[in-house]
Amino acid sequence: MMIYSTMSGKKEPFQPMHKNRVNIFVCGPTVYDDSHIGHARTYIAFDVIARYLKHKGLSVFYLQNITDVDDKIIQRASELGIEPAVLARKFERRYLEDMRTLGVTNVNLYARATEHIPEIIGQIERLVDLGFAYETETGVYFDESRFEDFGKLSHQTLEEMERHRIDPDPTKRNSGDFSLWKKREDGAEVTWDSPWGRGRPGWHIEDTAITETYFGPQYDIHGGAMDLIFPHHEAEIAQMEATSGKKPLVRCWMHTGFLNVKGEKMSKSLGNFMTIREMLERCDADAFRLFVLLAHYRSPIDFSEEVLEQSRKSLERIRHLIRIIEEQLEMPGGIVESEEVDPILIKAKVGFLEAMDDDFNTPYALSVIFDLVRDINRRINEKTVSKKALKDTKQLLGEFGGIFGISFSSGLEMSAGKEEDMTRDLIKLMIEIRQKLREKKDWELADQIRNRMKELNVVLEDAKEGGKYTLSEEDCLNRKAYNLR
RNA sequence: GCCGGGGUGACUGACCGGUUAAGUGCGCGGCUGCAGACCGCGAGAAUUGGGUUCGACUCCCAACCCCGGCCCCA
């Protein structure tokens with residue numbers, strides 16, 4: 001399996017450090033507000049990566065931090081006149097709800113920064129003892145000039161990075177030195193005791209404190225979006241490699257591309273964002289997952305209603321085949337019987353695995369799925385497919401869906417409450433009546449029924465034997481004009 | 001300025017030095033009373049200029065353009 005690493009700038013064979021075990025850490029959110037769909041893109045991508053690694057038989061431990069102490073949280077909380085911790089817990093809960101709705105279910109442990117303060121302090125102490133960090137009146141800083149590898153991830157030199165820093169703290173030795181501990185005597189803020197007085201952790205230290213706690217000084221994969229490469233990940237490398245003396249901190253650095261709107265990065269500051277919640281009000285989570293997977297994880301993707309709608313229709317195409325297969329399987333006989341595994345299925349399976357093994361090429365894997373769908377559709381029409389092959393197809397699509405975290409199943413047999421049972425019976429009644437009318441060639445009345453039903457979101461489809469129906473789903477982001485920006 | 005990622009058909013978006021990517025949309029045909037779904041066929045592509053090559057969307061060089069990072073950010 002090949003994975004692209006930001007460090008080397010190319011695809012490298014992936015070998016876990018410990019036999020079958022993969023330790024993966026992905027930078028989590030700062031919980032001061034609802035997450036937007038750009039965050040969702042990254043977390044869906046890594047969810048699928050974790051799912052695939054598991055599918056390969058690896059034992060995956062997926063760790064994510066929750067930044068629950070930070071300037072933005074403190075600021076937002078004071079604006080709202082509530083405790084920072086209350087604010088952080090609220091948005092952490094909402095974030096976790098969003099992830100569950102999106103099917104992002106493979107994180108083994110969410111680690112809060114505030115629950116690792118002793119580990120953070122311990123790591124800073126070691127850095128100070130080793131001479132990589134120093135204390136000033138304002139806090140404790142990492143001395144980048146002491147760490148010669150600084151810049152190796154973002155491929156920059158120290159001099160290059162020192163330019164254009166905005167208002168460096170005057171007590172720092174080098175303008176690029178970053179904060180490990182911020183001294184804060186102010187009683188209103190969130191603070192902890194430390195060897196350097198009361199204060200709170202700097203930006204980067206929580207991640208290495210957390211990963212060291214659960215993984216040790218080295219692990220397999222570190223993920224995040226591209227904007228974290230510098231300075232955040234660079235700082236993590238400096239902190240941990242300086243502390244432990246062991247290199248590299250991680251074997252493989254993986255970074256996702258942005259979700260853009262009209263070519264620009266979606267972000268809070270630009271105001272062009274849509275929260276996950278807003279999106280989910282209008283769109284099936286599975287359609288959004290497909291939208292994300294239709295592009296490679298490292299490529300930027302441009303979000304628009306139109307493309308999301310295209311994704312929804314593409315998903316329908318797959319689901320429709322499953323529906324057809326289920327119908328076919330219920331029909332007695334009439335189809336060629338065979339016990340052989342169909343070559344079409346082998347081709348699909350091999351193609352899918354090859355695509356995923358090649359740096360998680362989900363767009364290509366999807367094209368393999370669509371090829372399979374087309375091939376099976378054709379064979380169903382030609383009546384040259386065995387029931388076994390249909391069962392296998394359904395099973396295989398289920399397997400692919402499981403890796404993508406997308407339900408490809410038809411959705412027709414949803415929870416059947418009494419009312420839904422009755423609705424179904426009523427629809428079937430209408431189909432029967434229409435059938436009689438059609439036999440009498442009363443097209444006008446038959447069409448009228450079909451049109452009226454369609455207005456009620458029940459789409460009737462005529463077929464030789466009777467007829468069938470689907471409940472049409474709302475367009476992803478239908479009608480309601482939703483203005484981005 | 002430095003670093004990184006890009007420029008592919010109407011839209012989204014991959015692979016690969018020579019063979020159809022794929023999806024959506026569109027056109028034609030089939031099936032249909034019609035429609036839908038489905039099937040078949042089809043149109044349509046590679047920012048520009050050089051170079052390497054028998055042959056380049058794919059490699060190299062240059063130019064142009066876009067996006068991102070360098071304070072915070074998935």
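Being a predicted model, the structure only gives us computed values, none of them experimental. By convention in this document, chain letters (A, B, ...) are assigned in the order of the sequence lines, proteins followed by strands, and residues within each chain are numbered from 1.
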What's the closest nucleotide to the side chain of A:Arg438 if the choices are B:G33, B:C3, B:U24?
B:G33

From B:G13, B:C72, B:G23, pick the nucleotide closest to the side chain of A:Lys72?
B:C72

Quick one: which of B:C72, B:C3, B:C15 gets closest to the side chain of A:Asn361?
B:C15

Give a yes/no answer on whether the side chain of A:Ser299 brings an N or O atom under 4.0 Å of OP1 or OP2 in B:A14.
yes

Measure distances between side-chain N and O atoms of A:Arg374 and base N and O atoms of B:A22, and say whether any donor-acceptor pair falls under 3.5 Å.
no

Pick the C1' atom in B:C60 and in B:U52, then give their distance to the nearest Å.
7 Å

Evaluate the side chain to side chain donor-acceptor pair (under 3.5 Å) criterion for residues A:Tyr297 and A:Asp359: first the C-alpha distance (whole Å), next the side-chain angles of each, then the deciding distance (0.1 Å), finally the verdict.
CA-CA 9 Å; A:Tyr297 76 88; A:Asp359 196 29; 2.7 Å; yes

Send over the distance from A:Asp359 CG to B:A14 C1', rounded to a whole Å.
13 Å

Please evaluate the base of B:G33 for a donor-acceptor partner in the side chain of A:Asp447 within a cut-off of under 3.5 Å?
yes

Using a 4.0 Å heavy-atom cut-off across all strands, classify A:Gly28 as base, sugar-phosphate, or nothing.
sugar-phosphate

Let me check something: any side-chain donor-acceptor pairs from residues 364-376 of chain A under 3.5 Å, sequence neighbours excluded? List them with distances.
unit_1: A:Ser367; atom_1: OG; unit_2: A:Tyr364; atom_2: O; d: 2.8
unit_1: A:Asp371; atom_1: OD1; unit_2: A:Arg374; atom_2: NH2; d: 2.8

How would you label the contact of A:Ile229 with the nucleic acid (heavy atoms, under 4.0 Å): base, sugar-phosphate, or nothing?
nothing

Sticking with atom P, work out how far B:G7 lies from B:C59, rounded to a whole angstrom.
11 Å

Which class fits the ring pair A:Phe147 and A:Phe150: parallel under 30°, tilted 30 to 60°, perpendicular over 60°?
perpendicular

Using a 4.0 Å heavy-atom cut-off, does A:Arg76 contact any base of the nucleic acid, only the sugar-phosphate backbone, or nothing at all?
nothing

What is the distance from CG of A:Leu372 to P of B:C39, rounded to the nearest Å?
12 Å

Whole angstrom is fine here: how far is it from CG in A:Asp71 over to P in B:C72?
10 Å

On the nucleotide B:G69, are OP1 or OP2 found under 4.0 Å from the side-chain N or O atoms that A:Lys265 carries?
yes

Counting only side-chain nitrogens and oxygens, does A:Arg317 get under 4.0 Å of the OP1 or OP2 atom of B:C39?
yes

Looking at every strand, decide which applies to A:Gly224 at a 4.0 Å heavy-atom threshold: base, sugar-phosphate, or nothing.
sugar-phosphate

Rounded distance in Å - CD1 (A:Ile322) to P (B:A37):
19 Å

Each stem that RNA chain B is part of, given as range with range (3 or more consecutive Watson-Crick or G-U pairs, under 3.5 Å):
B:1-7 with B:64-70, B:10-12 with B:22-24, B:26-30 with B:38-42, B:47-51 with B:59-63

Between atom CG in A:Asp358 and atom P in B:C15, what is the gap in whole Å?
7 Å

Distance, P atom - from B:G55 to B:A62, rounded to whole angstrom:
23 Å

B:G33 base stacked by A:Trp443? Criteria: ring centres under 5.5 Å, plane angle under 30°.
yes

Select base, sugar-phosphate, or nothing to describe what A:Asn377 touches, counting heavy atoms under 4.0 Å on all strands.
sugar-phosphate

Say you pick atom P in B:U48 and the same atom in B:U20; how far apart are they, in whole Å?
23 Å

Any donor-acceptor pair under 3.5 Å between the side chain of A:Glu306 and the base of B:C11?
no

Euclidean distance for C1', B:C61 against B:C71 (whole angstrom)
37 Å

